[in-house]
There are 2 protein chains.
Amino acid sequence: MEKIAEKKKAILESTLKLVKENGFHGTPMSQVAKKAGVAAGTIYHYFDSKDTLIMELYLYTQYRVLDAMRENSREDMDYKTLFFSNWMSRCQFYIENPDALCFMEQFVNSPYNNRCSREQNERFQKEVLQFIERGIEQKYLKPMNQRLMCIMMHSTALTAAKIQLAGQVSLGEEELQQLAQMVWDGIKLN
Amino acid sequence: MEKIAEKKKAILESTLKLVKENGFHGTPMSQVAKKAGVAAGTIYHYFDSKDTLIMELYLYTQYRVLDAMRENSREDMDYKTLFFSNWMSRCQFYIENPDALCFMEQFVNSPYNNRCSREQNERFQKEVLQFIERGIEQKYLKPMNQRLMCIMMHSTALTAAKIQLAGQVSLGEEELQQLAQMVWDGIKLN
DNA sequence: CGCGACCGAATGAACGTTCAATAGACAATA
DNA sequence: TATTGTCTATTGAACGTTCATTCGGTCGCG
């Protein structure tokens, strides 16, 4: 991730928090400015409009997720371990960053997402997709539509985080492992 | 579901469509009124405010999902068949009602959801939760946290619908079955 | 001086909501 | 049957507020 001016970062992070608490509407630029400790006009020094601020925040957050996943995985891990690591990283990231989870979910289901170029989304998925392709080639996974496998990985991790945050269940490391195991059982070969 | 005045229904359904296309913000009451073929003031005859309109739309949609699931299940089905039926119904409902999917996802991740009483959400989950409890008691499912099982069912069905609608993959009946099978494999006992 | 970062009051458009007025349905009265 | 009163459903112009965005100006640094 390239370097980001301090104020720009402050604006991004303030927006994240406020969107979680108040939603897209309900988050006026004036409030973002206040929370970020800058003047209203300053935001427009870094972003063309509220819309582009939101878009950039989306990309910024995508990178943070990818980074989190890469951070916990090492070259020497075997396939299954890597799978668990990826699943857990993603889940943990969202649990540790509820603001991000909330924002991302709101974003992808909003009309903003359509305005977002398809390539941007593809780039994000490519890494996961390749990982799954490899699993099929090397006979770890059922030979199935790779996108479907993505569903299993992504949606379960995300929803686990959501449920955890909703306070309906408290999921310890152990239970997260169990969940990952369920997913693995669902897609592994045999 | 109790009878709903025609205009009220028109308002609800217009809101659903508009929220999908334009998001919560971006959907002014004036537009809702226009699409529903009523005057702006009429909305306030049926709903106290924009917020309560959105809340009621949420409950209304929840019932439609439950109804869809019940419609396709019969008393004489065995457990596994019932499981598949429920999963598929939910998935199909969202595929056939993309507006509803979009709206629900935006809603649950928005601050509206916090303002919604916990009971309302509980009531919706209760039926699924009981179904899973029964599966564990009767040794069809792994003896695990029932909420986690819910995650598997709910999130995968939902995400399958999402992916389908994003046009990334076209999922036929067959592929949906495969997905349901994956979920089943992940949670069944043995 | 010149330039980019930054400020924040001002602006104008958009929005949620209100309300006085109207129309229609129904019942009671004469 | 005609008349009156009441209540609900509906209208849409008007109101007051809020918000995204602008812009003239300040500051500090090279």
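Order of the sequence lines fixes the chain letters, A, B, ..., with proteins taken first and strands second; residue numbering starts at 1 for each chain.
The interatomic distance linking F24(A) (CZ) with dA20(D) (P) rounds to 13 Å, in whole Å. Counting to the nearest Å, the P atom of dT17(D) and the NE2 atom of H25(A) are 20 Å from each other. One interatomic measurement links the two molecules: CD1 of I54(A) to C1' of dA20(D), which rounds to 12 Å at whole-angstrom precision. Here dA14(C) presents its P atom at 16 Å from NZ of K50(A), a figure rounded to the nearest Å. For the pair L18(A) CG and dA20(D) P, the interatomic distance rounds to 11 Å; values are reported in whole Å. Put simply, CD1 on I11(A) is 13 Å from P on dT21(D), counting in whole angstrom units. One can place NZ of K34(A) at 13 Å from P of dT18(D), the figure rounded to the nearest angstrom. Rounded to whole angstrom, the span from the CD1 atom of I43(A) across to the C1' atom of dA9(C) amounts to 15 Å.
Between the side chain of K142(A) and the backbone N or O of G186(A), at least one donor-acceptor pair lies under 3.5 Å.
To the nearest 0.5 Å, atom CZ of residue F93(A) and atom CE of residue M88(A) are 15.5 Å apart.
In this model, the phosphate group of dC19(D) is not approached by any side-chain N or O of S30(A) to a distance below 4.0 Å at OP1 or OP2. Under 4.0 angstrom from either OP1 or OP2 of dC7(C) there lies at least one side-chain N or O belonging to K7(A).
Here the nucleotide nearest the side chain of T42(A), chosen from dC7(C), dT21(D), dA5(C), is dC7(C). Proximity note for P28(A) (side chain, C-beta onward) versus dG16(C), dC19(D), dT11(D): the nearest is dC19(D). For V38(A), the listed nucleotide lying nearest its side chain is dC7(C); candidates were dT21(D), dT18(C), dC7(C). Each of dT17(C), dA9(D), dC7(C) was ranked by its minimum atom distance to the side chain of Y46(B); first place goes to dA9(D). Checking dT17(C), dT10(D), dA20(D) against every side-chain atom of M29(A), the shortest atom distance belongs to dA20(D). Residue H45(B) places its side chain closer to dT10(D) than to any other of dT10(D), dT21(D), dA5(C). Nearest nucleotide to the side chain of A40(A), out of dC7(C), dG8(C), dT18(C): dG8(C).
A cation-pi arrangement, defined by a distance under 6.0 Å to the six-membered ring centre and an angle within 45 degrees of its axis, is present between K8(A) and F47(A).
For Q138(B), the CD atom is densely surrounded, since the number of other residues' heavy atoms within 6.0 Å is greater than 12.
Looking at F83(B) and Y140(B), their side chains never come closer than 4.5 Å, going by heavy atoms from C-beta outward.
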